[in-house]
Amino acid sequence: METSPDLSVEVNGLKLPNPFVIGSGPPGTNYQVMKKAFDEGWGGVICKTLSLDSSKVVNVTPRYAKLLDSKGEVFGWENFELISDRPFETMLAELKRLKEEYPDRVLIASIMEEYSREAWQEIIGRCEEVGVDAFEINFSCPHGLPERKMGMAMGQDCDVLGEVCGWINAAASVPVWAKMTPNITDITQPALVAAQQGCEGIAAINTIRSVMGINLSTLRPEPCVEGYSTPGGYSYRAVKPIALEKVMSISRLLQQQGFRDAGVSLSGIGGVETGGDAAEFILLGCDTVQVCTGVMVHGYPMVQHLCGGLQAFMSQHGFACIPEFRGAALPYFTTHGDLVVRQKAALAQRKAGKVGLASDTAWTGDGFVAEAESMVSNRG
């Protein structure tokens, strides 16, 4: 009987049964939904982002809007959902319960705080007390929180990002992943700073700042709350090409700067719906692949479809385990100038090796014998 490809991965010392991780957001908002994720077979779970004082977090509704493709299926998704509005102590108790019930599963705390060393030290210490396996630092939420100089506001300022990463890594005794914002000119700059400041992993991307659209009947923007709206974060299938480019850029940077050899991991996020999608991120060097919006569209059982699709891809290519193809596509990215050079060289080589004449007008008197010989198939 043929053995199925092995999907297990080890990342920063953490062992996951597969590379699929619930991304921070509504699918990790409380004990019930995180338990459901573990029961369905997700490799790991990242809880919805926590902060010490949830009383400052006030969500509104509606807070989502969809973009449909020509078949009427969801293609893009916008949200201006905030971080967890549940009391910090409540979330801690639920994380503790999850680790007690699933001690061998990976549970990651997504955290965010204001520009305060003491606040970061406190939230890290208290989360570690309940047994979380790692942290993901939300430097990337594009709405609501930047108004308080949190989330994306920190991720766009490399000086602040570097200082805060230093505070975090001085306090944390478990792996730390820094989650990058795509809403920046060069995503490799904050990624480099985070790695230089000791973060064990980089996660990318968070949502892309967007306006979903204008309702042509009401003339109001969507999603609409009491007649008004605010820019939100764009996700799901439509963002995958952008996410792949950002991940590729970070992966190349980490490789070139020696951080990959030093064990810094990469978690890919953005538009993953199938095992094939996940394979693309892994081919660019990702150790894990996160899914958030996909779960909101398809539900937690989609992990079985993801695992099956990824194993089918691996079987097709003869890969027995994920490390065999991780990063395999990365060497094939280059500059446009290099593409021009490569194509010129290839055309010259093909021209030099060309057999025969293209048409009767190509015959010449002086080269007649050689030209005839060039079209003989059984030359000795």
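Hydrogens, waters and symmetry mates are skipped; everything else that's a heavy atom, side chains included, is used. This chain uses plain numbering: 1 for the first residue, then up along the sequence.
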- State which residue, out of Pro27, Cys292, Cys47, fulfils the side-chain contact (heavy atoms from CB on, under 4.5 Å) condition with Ile22.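 The passing option is Pro27.
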- Leu107 and Met34: CA distance, side-chain angles, deciding distance, side chain to side chain contact (heavy atoms under 4.5 Å, CB included) verdict: CA-CA 9 Å; Leu107 180 62; Met34 290 187 278; 4.2 Å; yes
Exercise: do [X] and [Y] side chains pair donor with acceptor under 3.5 Å:
X	Y	answer
Thr181	Gln156	no
Thr293	Ser235	yes
Ser55	Asp53	yes
Ser54	Asp85	no
Glu113	Gln121	no
Glu200	Ser265	no

I'd like to know whether [atom1] of [X] has more than 12 heavy-atom contacts from other residues, nucleotides or ligands below 6.0 angstrom.
X	atom1	answer
Lys99	NZ	yes
Gln256	CD	yes
Glu100	CD	yes
Asp366	CG	no

Just by distance, do the side chain of [X] and the backbone of [Y] share a donor-acceptor pair under 3.5 Å?
X	Y	answer
Asn18	Gly43	yes
Glu78	Gly232	yes
Asn138	Gly151	no
Asn183	Arg209	yes
Asp338	Thr334	no

Nearest-0.5 Å distance, [atom1] of residue [X] to [atom2] of residue [Y]:
X	Y	atom1	atom2	answer
Glu226	Arg220	CD	CZ	10.5 Å
Met91	Thr49	CE	OG1	9.5 Å
Ile46	Lys179	CD1	NZ	6.5 Å
Ser267	Ile202	OG	CD1	10.5 Å
Ile184	Ile205	CD1	CD1	12.5 Å
Ile137	Trp167	CD1	CH2	13.0 Å

Closest approach of [X] to [Y] (non-hydrogen atoms, all atoms of both residues):
X	Y	value
Gly285	Leu266	O-CB, 4.1 Å
Met302	Val295	SD-N, 3.7 Å
Ser229	Pro223	OG-O, 2.6 Å
Asn12	Gly263	ND2-O, 3.1 Å
Asp186	Pro190	O-CD, 3.4 Å

Salt-bridge criterion met for [X] and [Y] (N-O under 4.0 Å):
X	Y	answer
Lys48	Glu81	yes
Asp69	Arg237	yes
Glu101	Lys96	no
Asp104	Lys15	no
Glu114	Arg148	yes

Any side-chain heavy-atom pair from [X] and [Y] closer than 4.5 angstrom?
X	Y	result
Leu306	Val291	yes
Pro26	Asn79	no
Leu192	Leu253	yes
Val272	Phe281	yes

- Message: side chain to side chain contact (heavy atoms under 4.5 Å, CB included) for Phe313 and Leu283? Distances and angles first, verdict last.
- Response: CA-CA 12 Å; Phe313 160 81; Leu283 284 163; 4.1 Å; yes
- Pairing residues for Glu40 by the salt bridge (Lys or Arg N to Asp or Glu O under 4.0 Å) criterion, not counting sequence neighbours: Lys36
- Report the C-alpha separation of Trp363 and Phe368 in whole Å, then their side-chain angles, then the decisive distance to 0.1 Å, and conclude whether the ring pair (Phe, Tyr, Trp, His ring centres under 6.0 Å) test is met. CA-CA 6 Å; Trp363 289 94; Phe368 192 85; 4.8 Å; yes
- Could you check Phe88 against Ile123 for side chain to side chain contact (heavy atoms under 4.5 Å, CB included), going step by step and ending with a plain yes or no? CA-CA 9 Å; Phe88 182 58; Ile123 196 169; 3.8 Å; yes
- Trp177 ring center within less than 6.0 Å of Phe139 ring center: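 No, too far apart.
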- Message: Tell me every residue that passes side-chain contact (heavy atoms from CB on, under 4.5 Å) with Val60, counting only those two or more places apart in sequence or in another chain.
- Response: Phe80, Val225
- Message: Determine whether Arg126 and Glu89 satisfy the following criterion, salt bridge (Lys or Arg N to Asp or Glu O under 4.0 Å), listing intermediate values before the conclusion.
- Response: CA-CA 9 Å; Arg126 295 182 67 184; Glu89 291 73 15; 3.3 Å; yes
- Answer yes if Leu82 and Val33 sit in the same cluster of Ile, Leu, Val, Met, Phe, Trp and Tyr residues linked by side chain heavy atoms under 4.5 Å apart, and no otherwise.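 Each belongs to a different hydrophobic cluster.
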- Show your working on side chain to side chain contact (heavy atoms under 4.5 Å, CB included) between Phe333 and Leu284 and close with a plain yes or no. CA-CA 10 Å; Phe333 286 91; Leu284 291 178; 3.5 Å; yes
Contacts under 3.5 angstrom, residues 238-250 side chains, donor-acceptor by atom type, not counting sequence neighbours:
| from | atom 1 | to | atom 2 | distance (Å) |
| --- | --- | --- | --- | --- |
| Lys240 | NZ | Asp277 | OD1 | 2.9 |
| Lys240 | NZ | Glu280 | OE2 | 2.7 |
| Glu245 | OE2 | Ser249 | OG | 2.9 |
| Ser249 | OG | Glu245 | O | 3.0 |

- Sequence neighbours left out, what pairs pass ring pair (Phe, Tyr, Trp, His ring centres under 6.0 Å) with at least one residue falling in residues 4-39? Phe38-Tyr102
- Query: If you look only at pairs with a residue in residues 42-74, which of them pass as a ring pair (Phe, Tyr, Trp, His ring centres under 6.0 Å), with sequence neighbours excluded?
  - Reply: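 For residues 42-74, and leaving out neighbouring residues, the ring pair (Phe, Tyr, Trp, His ring centres under 6.0 Å) pairs sorted by first residue read Tyr64-Trp77.
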Give the table of side-chain donor-acceptor pairs shorter than 3.5 Å for residues 314-332, with sequence neighbours excluded, one pair per line with atom names and distance.
| from | atom 1 | to | atom 2 | distance (Å) |
| --- | --- | --- | --- | --- |
| Ser315 | OG | Gln311 | O | 3.1 |
| Glu324 | OE1 | Ala320 | N | 2.9 |
| Arg326 | NE | Asp287 | OD1 | 3.4 |

- Query: Given the rule in the side chain to side chain donor-acceptor pair (under 3.5 Å) test, do His305 and Glu273 qualify, once you have shown the distances and angles that lead to the verdict?
  - Reply: CA-CA 9 Å; His305 173 62; Glu273 187 181 43; over 6 Å; no
